[in-house]
A.B. asks: 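I'd like to ask some things about the structure below.
Atoms within each ligand, like the ligands themselves, are counted from 1 in listed order.
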Amino acid sequence: MSVIYNRVALVGLGLIASSMFWAIKRKGLAGQVVGYARSQETRDTARRIGLCDVVTDTVTAAVDDADLVVLCVPVGAMGTVAKQIAPHLKPGATITDVGSVKREVIESVGPHLPANVHFVPGHPIAGTEHSGPESGFAELFDNRWCLLVPPKDCNPVAVARLRSFWEGIGSNVDEMDADHHDLVLAVTSHAPHLIAYTMVGVADDLGRVTDSEVIKYSAAGFRDFTRIAASDPTMWRDVFLTNKEATLEILGRFTEELFALQRAIRTGDGDHLHDYFTRTRAIRRSIIEAGQDTDAPDFGRGQSAS
Ligand code: NAP
């Protein structure tokens with residue numbers, strides 16, 4: 001694969017930016033990758049592990065002469081960063097982001113940007129519960145979806161170029177309207193995270209009364225919840241604060257379904273439970289068939305648990 005952007009700036013150097021960097025290097029997608037993070041500690045770590053060709057001490061130096069600027073900070077920080085970099089952007093540059101919520105990013109970043117740059121918001125649907133500059137790896141985006149949310153009047157050449165870039169990184173790319181994106185992600189990611197946080201919180205309360213048996217005898221189902229509930233608190237706080245309506249809509253539906261299952265258990269309605277679980281099992285099968293997860297027992301961790 002050949003160079004798609006001469007100079008790429010990664011603003012924020014956590015899990016997503018570091019994974020992007022290693023994937024960009026794997027395929028030689030950029031002439032030079034420049035990185036910036038707000039803390040000295042993260043910048044020092046990045047320099048130590050060779051994350052980015054150049055790490056700058058100011059955000060303005062990072063975006064200077066960049067052909068592509070990728071905002072890789074929590075959703076709640078995107079607007080502030082956009083305001084800082086706006087006067088320093090190269091005319092004709094493409095500005096994108098990796099934020100998990102799209103309407104909020106469009107509204108908080110868009111107004112700061114000059115008219116002579118192309119703003120193409122994006123969201124790679126790939127992640128882990130780890131964060132920080134040392135958590136990234138080149139394969140994170142392989143065969144995962146990256147959703148681009150270009151505004152209607154966006155330059156199609158800039159969108160096509162960004163699409164090729166993400167395909168070079170390893171993703172399958174699709175385009176979507178911002179509100180639709182936020183609703184879909186509320187179902188597939190945001191509400192499940194909140195449920196996992198809640199379940200682990202409930203178990204933690206219970207753990208205190210059962211002398212930590214919850215941790216000691218932790219079974220596969222609960223361990224999967226704990227993995228999700230270990231995700232970065234700042235990132236997820238921002239997701240819920242900025243995708244409020246869609247998340248509340250899905251949680252409302254979730255509560256209704258939960259009550260229906262609760263009633264089925266109370267009334268001994270085994271048919272209802274069996275039909276429900278048969279339907280959900282088919283969804284799991286279709287995710288595996290689509291290549292979006294592994295069929296290995298216990299997600300390939302090689303440990304058995306009840
Ligand atoms: P991360 O590993 O926690 O890294 C976040 C980076 O943003 C760090 O470099 C941090 O700087 C910087 N940062 C944090 N708060 C900031 C602020 N107020 N102002 C400026 N910089 C700030 O996060 P990540 O997982 O890479 O997530 C980055 C973005 O990707 C988020 O918008 C998230 O929604 C999105 N995303 C995440 C996942 C996932 O699973 N993790 C998946 C898809 C998309 P310091 O290191 O200096 O503190």
Side-chain angles (χ1 to χ4, degrees), residues 9-23 33-49 51-52 55-60 62-63 69-85 95-106 108-109 112 121-137 139-142 144-149 166 169-171 173 178 181-182 184-186 188-190 192-194 196-197 227-243 246-247 292:
L10 301 175
V11 179
L13 293 174
L15 168 72
I16 299 297
S18 56
S19 298
M20 286 184 76
F21 173 75
W22 300 120
V33 181
V34 183
Y36 167 79
R38 63 176 175 169
S39 72
Q40 185 69 48
E41 189 188 351
T42 298
R43 298 197 295 269
D44 288 345
T45 303
R47 287 180 180 123
R48 179 173 51 77
I49 65 173
L51 172 62
C52 294
V55 176
T56 62
D57 286 322
T58 64
V59 70
T60 51
V63 304
V69 175
V70 191
L71 305 180
C72 304
V73 298
V75 174
M78 296 273 183
T80 308
V81 172
K83 192 176 176 188
Q84 288 167 344
I85 63 172
I95 317 306
T96 189
D97 76 296
V98 295
S100 306
V101 180
K102 295 279 53 91
R103 173 59 57 199
E104 169 70 19
V105 170
I106 289 170
S108 62
V109 171
H112 295 297
H123 178 203
I125 309 200
T128 74
E129 68 278 23
H130 301 297
S131 50
E134 294 183 276
S135 57
F137 53 99
E139 299 77 21
L140 178 66
F141 307 107
D142 285 351
R144 296 280 173 253
W145 284 99
C146 178
L147 299 176
L148 298 183
V149 182
W166 274 108
I169 282 177
S171 295
V173 181
H181 167 279
D182 290 353
V184 169
L185 267 292
T188 59
S189 172
H190 306 169
H193 269 81
L194 198 73
Y197 281 124
R227 186 186 61 73
I228 297 171
S231 299
D232 187 68
T234 305
M235 169 189 157
W236 284 96
R237 177 202 63 195
D238 285 4
V239 165
F240 294 117
L241 293 180
T242 59
N243 197 20
T247 307
Q292 294 301 304

A.B. asks: Identify the heavy atoms of His181 and Ser100 that sit nearest to each other, and give their distance.
C.D. replies: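 That closest heavy-atom pairing would be CE1-O, 3.3 Å.
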A.B. asks: Which of the atoms of ligand 1 are close to Gly99, meaning less than 4.0 Å from one of its heavy atoms?
C.D. replies: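 In order of numbering, the contacting atoms are 32 (O).
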A.B. asks: With respect to Pro124, determine whether any N or O atom, backbone or side chain, lies less than 3.5 Å from an N or O atom of ligand 1.
C.D. replies: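 Checking ligand 1 against Pro124, no N or O pair falls under 3.5 Å apart.
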A.B. asks: Do Arg237 and Asp232 come close enough that some side-chain heavy atom pair is under 4.5 Å?
C.D. replies: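 Contact flag for Arg237/Asp232 side chains = no.
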A.B. asks: Applying a heavy-atom cut-off of 4.0 Å, say which part of Met78 lies close to ligand 1: side chain, backbone, both or neither.
C.D. replies: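 It is the side chain that touches ligand 1; the backbone stays farther off.
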A.B. asks: Does any N or O of ligand 1 fall below 3.5 Å from an N or O anywhere on Ile16, backbone included?
C.D. replies: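 By distance alone, the answer is yes.
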A.B. asks: Given Gly136, Gly132, Gly14, identify the one with the heavy atom nearest to atom 4 (O) of ligand 1.
C.D. replies: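 Checking each option, the heavy atom nearest atom 4 (O) of ligand 1 is found in Gly14.
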A.B. asks: Using a strict 4.0 Å cut-off to heavy atoms of Val75, name the atoms of ligand 1 that fall inside it.
C.D. replies: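 Heavy-atom distances to Val75 below 4.0 Å select 32 (O).
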A.B. asks: Which pair of heavy atoms, one from Arg103 and one from Ala178, lies closest together, and at what distance?
C.D. replies: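 So the two residues come closest at NH2-CB, 3.7 Å.
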A.B. asks: Considering non-hydrogen atoms of the protein only, which is the closest contact for atom 40 (O) of ligand 1, and what is the distance?
C.D. replies: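 The closest one turns out to be Gly127 CA, 3.2 Å.
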A.B. asks: Return the closest protein heavy atom for atom 33 (C) of ligand 1 as residue, atom name and distance.
C.D. replies: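 I find the closest protein heavy atom is Ser100 OG, 3.5 Å.
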A.B. asks: Regarding Ser39 and Thr42, is there a side-chain donor-to-acceptor distance under 3.5 Å anywhere?
C.D. replies: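 Short answer, yes.
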A.B. asks: Quick check: do Cys146 and Phe141 have side-chain heavy atoms less than 4.5 Å from each other?
C.D. replies: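 In short, these two side chains do not touch, never coming nearer than 4.5 Å.
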A.B. asks: In the structure I gave you, are the side-chain heavy atoms of Thr96 and Val69 within less than 4.5 Å of one another anywhere?
C.D. replies: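 No. Closest side-chain heavy atoms not under 4.5 Å.
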A.B. asks: Could you tell me which non-hydrogen atom of Gly12 sits nearest to which non-hydrogen atom of Ala17, and how far apart they are?
C.D. replies: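 So the two residues come closest at O-CB, 3.0 Å.
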A.B. asks: Under the salt bridge (Lys or Arg N to Asp or Glu O under 4.0 Å) test, which residues partner Glu41, sequence neighbours left out?
C.D. replies: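 By the salt bridge (Lys or Arg N to Asp or Glu O under 4.0 Å) rule, Glu41 matches no residue at all.
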A.B. asks: Run down the list Leu15, Val98, Val73 and name the one with the heavy atom closest to atom 32 (O) of ligand 1.
C.D. replies: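 The option holding the nearest heavy atom is Val73.
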A.B. asks: Can you tell which of Ser19, Gly122, Cys72, Ala77 gets a heavy atom nearest to atom 18 (N) of ligand 1?
C.D. replies: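 Shortest heavy-atom distance from atom 18 (N) of ligand 1: Ala77.
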A.B. asks: When only distance counts, is His130 in polar contact with ligand 1, meaning an N/O pair under 3.5 Å?
C.D. replies: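 Checking ligand 1 against His130, no N or O pair falls under 3.5 Å apart.
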A.B. asks: From atom 13 (N) of ligand 1, work out which of Pro74, Ser231, Ala126, Ala17 has a heavy atom at the shortest distance.
C.D. replies: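 Among Pro74, Ser231, Ala126, Ala17, the closest heavy atom to atom 13 (N) of ligand 1 comes from Pro74.
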A.B. asks: Starting from atom 8 (C) of ligand 1, locate the nearest protein heavy atom and write down its residue, its atom name and how far away it is, to 0.1 Å.
C.D. replies: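 Its nearest protein heavy-atom neighbour is Leu13 N, 4.0 Å.
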A.B. asks: Under a 4.0 Å threshold between the charged nitrogen and the carboxylate oxygen, would Glu139 count as salt-bridged to Arg144?
C.D. replies: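 No, no charged N to carboxylate O under 4.0 Å.
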A.B. asks: Closest non-hydrogen protein atom to atom 46 (O) of ligand 1, residue and atom name please, with distance?
C.D. replies: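 Atom 46 (O) of ligand 1 sits closest to the protein heavy atom Thr42 OG1, 2.6 Å.
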A.B. asks: Any atoms of ligand 1 less than 4.0 Å from a non-hydrogen atom of Gly12? List them with their elements.
C.D. replies: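 With Gly12 as reference, the close atoms of ligand 1 come out as 9 (O).
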A.B. asks: If you measure from each non-hydrogen atom of Thr128 to ligand 1, which part falls under 4.0 Å: side chain, backbone, both or neither?
C.D. replies: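 The backbone, only.
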A.B. asks: Out of Arg38, Met235, Gln40, His123, whose heavy atom is nearest to atom 37 (C) of ligand 1?
C.D. replies: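 Residue with the shortest heavy-atom distance to the ligand atom: Met235.
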A.B. asks: Indicate the atoms forming the closest heavy-atom contact of Thr60 with Gln84, along with that distance.
C.D. replies: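 Here Thr60 and Gln84 meet closest at CG2-O, 4.0 Å.
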A.B. asks: For atom 3 (O) of ligand 1, what's the nearest protein heavy atom and its distance?
C.D. replies: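 That would be Ser131 CB, 3.5 Å.
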A.B. asks: Can you find a pair of side-chain heavy atoms, one from Val98 and one from Met20, that are under 4.5 Å apart?
C.D. replies: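 They are in side-chain contact.
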A.B. asks: In the protein, what heavy atom is nearest to atom 47 (O) of ligand 1, and what distance, to one decimal place, separates them?
C.D. replies: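 Protein heavy atom at minimum distance: Ser39 OG, 2.7 Å.
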A.B. asks: Over all heavy atoms of both residues, which pair between Arg43 and Ala37 is shortest? Give the atoms and the distance, please.
C.D. replies: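 Minimum heavy-atom contact is NH1-O, 2.8 Å.
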